[in-house]
Amino acid sequence: MNATIRKIGNSEGIIIPRDVLDRLGLKAGDTVEIREEGGSISLVPEQPDLAEQLKAARMGMQKYKVALRELAK
């Protein structure tokens, strides 16, 4: 299957066909991880558990930003 890179506002993107989205259980607004390996790109649906963990980590880093900055010295 081929797709063309298109101008979307100030960025570029591709349109993923509906049947591919349906097979993967994806819909508009879902998050995917972009992996670049050996000159190719793959899109992997984000794992909900990992997303929750990352959200919690970001909140903790924001809350303790000053302390983390001091520890990093």
Are there more than 12 heavy atoms of other residues, nucleotides or ligands under 6.0 Å from atom [atom1] of [X]?
| X | atom1 | result |
| --- | --- | --- |
| E36 | CD | no |
| I34 | CD1 | no |
| K7 | NZ | yes |

What's the spacing between K65 NZ and Q62 CD if we round to 0.5 Å?
->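 Taking NZ in K65 and CD in Q62, the distance rounds to 4.5 Å.
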Nearest heavy-atom pair of L68 and M61: which atoms, and what distance?
-> CD1-CA, 3.7 Å
[X] vs [Y] side-chain heavy atoms within contact, under 4.5 Å:
| X | Y | answer |
| --- | --- | --- |
| L43 | E33 | no |
| I14 | R6 | no |
| L26 | V32 | yes |
| K27 | L21 | no |
| I41 | R35 | no |

Quick one: do I16 and M1 end up in the same hydrophobic cluster if we chain Ile, Leu, Val, Met, Phe, Trp and Tyr together by side-chain heavy atoms under 4.5 Å apart?
->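 I16 clusters together with M1.
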